[in-house]
Amino acid sequence: MPCRSGLGIIVFMRPFEQILTDWLKPRLAAAFPDSPVPLAKMAVVVAAANPEFGDYQCNGIMGAAKAMRRNPREAAETVLAGADLPDCVEKAEVAGAGFINFFLKNDALAAAAGEIARDPHCGVPQIGAGKTVVLDYSSPNVAKPMHIGHIRSTVIGNALDRLHRFLGYRVLSDNHLGDWGTQFGIIIMGFRNFVDEAALRETPVEELERIYVKSYEQSKADPEWLAACRRELVKLQGGDPDNLALWKRFIALSMDEFDKIYKRLGVRFDLVRGESHYRDQLAGLVARLAELGLARESEGAQVVFLEEEKLLPCLIRKSDGGYNYATTDIATVLNRVEEFKPDRIVYVTDERQQLHFKQFFAVVRRLGVTTELVHVWFGLMRLPEGTFSTRQGNVIKLERLLDEAEQRALALVQSSSPEMPAETQKEVARAVGLGAVRYADLSQNPQTLITFTWDKALALNGNSAPYLQYACARIASVRDKYRDRFPAGDYEAAPIRVEEAAGRALALRLARFSEAVIRATETYRPNVLADYLYDLSQAYSSYYQNVPFLTAPEGVRESRLHLSAVTERVLRQGLGLLGIETPERI
RNA sequence: GUACCUGUAGCUCAAUUGGAUAGAGCAUCAGACUACGAAUCUGAGGGUUGCAGGUUCGAUUCCUGCCAGGUACGCCA
């Protein structure tokens, strides 16, 4: 992996899979001059599935050989015949039906670990340099408390945010608040008739929710009330000063509460532009779509038909003259494209909005926008007894989840670290509890539904954030003891040597960090990184258990401390990308 | 009715996007602290990958049909 100039300065470093792929390409091109399978696909090298098959493997030859009616094993032998292996490879062999397996030199693994320690990005290439991504996530509705259903968009979106930045992308995170919908007519009526000012001072957002629910129920039972709600909405949208003042107050109260949660979760946005930010552009947008012949009237509404895309029609203006979210979303894309010139716009929402995104993406395409648009959707959060909803009253507030997590973590810290000062215990419990909640969500494939249980969300052992945090704390603890006992020692200057099996397995995991980061980002699945970190951590725990540090002979001791330090660095960096803190001691 | 998603060990989830003997955690059972943190480690049992076909050297992955669950289908977001 290390690539040095003659002066011993690091020029660049590449992951092993990249080195091996590049090595394979010209050889495959020579062996298969007329292959119908593209070289780029044939030459892909991936981590080996099983240690007995080496460290990395290439599976592409079998497909190509098949397409050309050649014997795959013989074809693979031909490729390897020259035997001028890359420096990092100990041996390469053909196995099974026509796999090529690569076994790396221990020295190469040791050197790679050393490079990761020195590289500011832990060996991860800056593949996003020069590219801009707008990331749209969280986006809660004003006047409703955030509940456990909101955690997914916020936590997944935030992890994607951090991952992209780490890869060198310019990221603009935008919290597209629901601050301009039909709900405000209902809330204003609720406010005028039911508000309890004392409650509004005590728990503002809960009170707003209460009056919303009450007014909503009344609107379903009473057509007069519903009509009044509509009138209030039209007044608001028409700029009525009283309603505007109320609306602004609702937003301010909600934002205060959202900000508290974002602060606890370590989430910050570059932009907070709610739907209302685009409200003056909606009429012009609809007119433009009509002029272009894209939109036309249907049943009193303005609609874009999407038969070519085999999609249902997209409604952009209601028959009562009001606009809906599709219109706002289209306007938002146009603004972002013009203002930020992004290469890509990524949205993180739940699965229910898939059709909506396909529809308004299609409309935007017809307007000539070529920016890549991605909808990252995730499965709904459910309770064991079924879905939850505000109206059923079975929601679990996000704040309560976070409080509970910190409490459980505190109990654990107090029992296992009684000597720790109370203030520190509290701080550690915060990091451990919130880390557990984040990890429980991020370690699962986003596209599956999550059934919420307290035990799962707050797990503190096994495959959980505290397991990873524990590994970090243990490394830090050994490092401090080393400094006590060997004040003159400098393990960071000592070379890393890879000898025993557990150390080799650990170094191999470290070399795969960049692959995990890139794949997690490109597939929009933070769980890929979470899986990697857990695997790395297991490799370390095993190493720790099987190999002495402080009682090892000089040299070996320093090498092991050094390898531990690299592991710590990658773990802290990786967990940081998931938004999980790693206290020195836990 | 149409479209999308999910179905893997008792439970919760993986499986490098078509690769080799389908892997982890929890739970169960058996071991390991007079060493550097046992929030840990070592090992065992546990599988017709919903069912039935198909495509090919090779399928949890792709195609078709069923079954079960979830979600969405013009004026909510």
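What you see below is based on every heavy atom in this structure, not just the backbone, and it leaves out hydrogens, waters and symmetry mates.
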To the nearest angstrom, how far is A:Asp329 atom CG from B:rA77 atom P?
10 Å
Protein-nucleotide distance (A:Tyr544, atom OH; B:rA32, atom C1'), rounded to Å:
14 Å
Counting any heavy atom closer than 4.0 Å, what does A:Val44 reach on the DNA or RNA strands: base, sugar-phosphate only, or nothing?
nothing
Using a distance-only test with no angle check, is there a side-chain donor-acceptor pair under 3.5 angstrom linking A:Ser541 and A:Tyr467?
yes
Pick one: which of A:Glu581, A:Glu406, A:Gln425 meets side-chain hydrogen bond (donor to acceptor under 3.5 Å, both in side chains) with A:Arg430?
A:Glu581
By the rule that syn is within 90° of 0, classify the base conformation of B:rC73 as syn or anti.
anti
Counting the atoms with a prime plus P, OP1 and OP2 as sugar-phosphate, which does A:Ser541 contact under 4.0 Å by heavy atoms, base, sugar-phosphate, or nothing?
sugar-phosphate
Salt bridge (Lys or Arg N to Asp or Glu O under 4.0 Å) contacts in which one or both residues fall within residues 543-557 of chain A, not counting sequence neighbours:
none
Determine the Euclidean distance between corresponding P atoms of B:rU61 and B:rA22; express it in Å to zero decimal places.
14 Å
Secondary structure of RNA chain B per the Watson-Crick/G-U criterion (both distances under 3.5 Å; [ ] crossing, | other strand, . unpaired) is (((((((..((((.....[...)))).(((((.......))))).....(((((..]....))))))))))))....
Side chain of A:Gln444 only, please: which of B:rG37, B:rA14, B:rC76 is the nearest?
B:rA14
Once you apply a heavy-atom cut-off of 4.0 Å, does A:Ser319 come out as touching a base, just sugar-phosphate, or nothing?
base
A:Tyr325 ring center within less than 6.0 Å of A:His356 ring center
yes
Of the listed nucleotides (B:rA72, B:rU16, B:rG37), which one gets closest to any side-chain atom of A:Leu355?
B:rA72
Would you kindly give the CZ-to-P distance between A:Phe452 and B:rU12, to the nearest whole Å?
15 Å
Answer with yes or no after comparing the ring centroid distance for A:Phe53 and A:Phe99 against a 6.0 Å cut-off, counting only values under it.
no
How many Å lie between CZ on A:Arg408 and P on B:rA39, as a whole number?
19 Å
Is A:Leu312 touching bases, backbone alone, or none of the nucleic acid, heavy atoms closer than 4.0 Å?
sugar-phosphate
Could you write out each protein N or O paired with an N or O of nucleotides 18-26 of chain B at a distance under 3.5 Å?
| unit_1 | atom_1 | unit_2 | atom_2 | d |
| --- | --- | --- | --- | --- |
| B:rA20 | N7 | A:Gln57 | NE2 | 3.4 |
| B:rA20 | N6 | A:Asn101 | OD1 | 2.5 |
| B:rA20 | N6 | A:Asn101 | ND2 | 3.4 |
| B:rA20 | N1 | A:Asn101 | ND2 | 3.3 |
| B:rU21 | O4 | A:Glu52 | OE1 | 2.9 |
| B:rU21 | O4 | A:Glu52 | OE2 | 3.4 |
| B:rG25 | O2' | A:Asn463 | N | 3.4 |

Numerically ordered, the residues 429-438 of chain A set in heavy-atom contact under 4.0 Å with RNA chain B is none
Could you tell me how far apart A:Leu449 (CG) and B:rU12 (C1') are, to the nearest whole angstrom?
12 Å
Considering residues at least two apart in sequence or located in another chain, which fulfil the side chain to side chain contact (heavy atoms under 4.5 Å, CB included) criterion with A:Ser559?
A:Ile496, A:Arg497
When you compare B:rC63 with B:rU56, how far apart are their P atoms, in angstrom units rounded to a whole number?
16 Å
For side-chain contact (heavy atoms from CB on, under 4.5 Å), just list the numbers for A:Asn175 and A:Phe258, CA-CA rounded to whole Å, side-chain angles, deciding distance to a tenth of an Å, and then say yes or no.
CA-CA 11 Å; A:Asn175 193 2; A:Phe258 294 157; 5.7 Å; no
Under 4.0 Å, heavy atoms only, any strand: does A:Arg512 hit a base, just the sugar-phosphate, or nothing?
nothing
Write out all pairs satisfying salt bridge (Lys or Arg N to Asp or Glu O under 4.0 Å) with one or both partners inside residues 514-534 of chain A, taking only residues at least two apart or from two chains.
none
Looking at every strand, decide which applies to A:Ser416 at a 4.0 Å heavy-atom threshold: base, sugar-phosphate, or nothing.
base
Name the closest nucleotide to the A:Val46 side chain, picking from B:rC41, B:rC36, B:rU16.
B:rU16
So which protein nitrogen or oxygen atoms get under 3.5 Å of nucleotides 3-10 of chain B's nitrogens or oxygens?
| unit_1 | atom_1 | unit_2 | atom_2 | d |
| --- | --- | --- | --- | --- |
| B:rC4 | O2' | A:Gln354 | OE1 | 2.9 |

Quick test of your reading: applying salt bridge (Lys or Arg N to Asp or Glu O under 4.0 Å), list the pairs with at least one residue in residues 445-466 of chain A, sequence neighbours left out, ordered by first then second residue.
A:Arg408-A:Asp455
Given RNA chain B, 5'-ward residue of the pair A:Thr451 and A:Val547, judged by closest heavy atom
A:Thr451
Heavy atoms under 4.0 Å, any strand shown: does A:Asn546 hit a base, just sugar-phosphate, or nothing?
nothing
With a 4.0 Å cut-off on heavy atoms, is A:Gly178 in touch with a base, just the backbone sugar-phosphate, or nothing at all?
nothing
Output all residues satisfying side chain to side chain contact (heavy atoms under 4.5 Å, CB included) with A:Arg485, sequence neighbours left out; order by chain, then residue number.
A:Lys481, A:Leu550
Touch check for A:Arg525, heavy atoms < 4.0 angstrom, all strands: base, sugar-phosphate only, or nothing?
base
Can you tell me if the side-chain N/O atoms of A:Lys144 get under 4.0 Å from OP1 or OP2 in B:rA77?
no
Are A:Arg512 and A:Phe16 in a cation-pi setup, meaning NZ or CZ lies under 6.0 angstrom from the ring centre and within 45 degrees of the ring axis?
no
What's A:Val303 touching, base or sugar-phosphate or nothing? Going by heavy atoms closer than 4.0 Å.
base
Identify which nucleotide among B:rU71, B:rU40, B:rG74 has an atom closest to any side-chain atom of A:Leu380, counting heavy atoms from C-beta outward.
B:rU71
In chain order, what residues pass the salt bridge (Lys or Arg N to Asp or Glu O under 4.0 Å) check against A:Arg585, with sequence neighbours excluded?
A:Asp480
Write down the distance separating the C1' atoms in B:rC51 and B:rA38, rounded off to the nearest Å.
46 Å
Gap in Å between the two P atoms, one belonging to B:rU2 and one to B:rU64, rounded:
14 Å
Indicate, with a heavy-atom threshold strictly under 4.0 Å, whether A:Arg519 touches base, sugar-phosphate, or nothing.
sugar-phosphate
What's A:Ala473 touching, base or sugar-phosphate or nothing? Going by heavy atoms closer than 4.0 Å.
base
At 4.0 Å (heavy atoms only), tell me whether A:Ser298 reaches a base, stays on the sugar-phosphate, or touches nothing.
base
Between CG of A:Asp480 and P of B:rG37 the distance, given in whole Å, is 10 Å
Inspect the contact between A:Arg560 and A:Glu500 and indicate whether a charged nitrogen and a carboxylate oxygen are less than 4.0 angstrom apart.
yes
Provide, to the nearest angstrom, the distance between the CG atom belonging to A:Leu536 and the C1' atom belonging to B:rA14.
17 Å
So, OP1 or OP2 of B:rC41: does either fall under 4.0 Å of a side-chain N or O from A:Tyr467?
yes
A:Ala539: partners by side chain to side chain contact (heavy atoms under 4.5 Å, CB included), with sequence neighbours left out:
A:Leu506, A:Arg509
Under 4.0 Å, counting only non-hydrogen atoms across every strand here, what does A:Tyr470 touch: a base, just sugar-phosphate, or nothing?
base
RNA chain B contacts made by residues 548-562 of chain A, counting heavy atoms under 4.0 Å
A:Pro548, A:Phe549, A:Leu550
Rounded off to whole Å, could you give me the CG-to-C1' distance for the A:Leu233 and B:rA77 pair?
14 Å
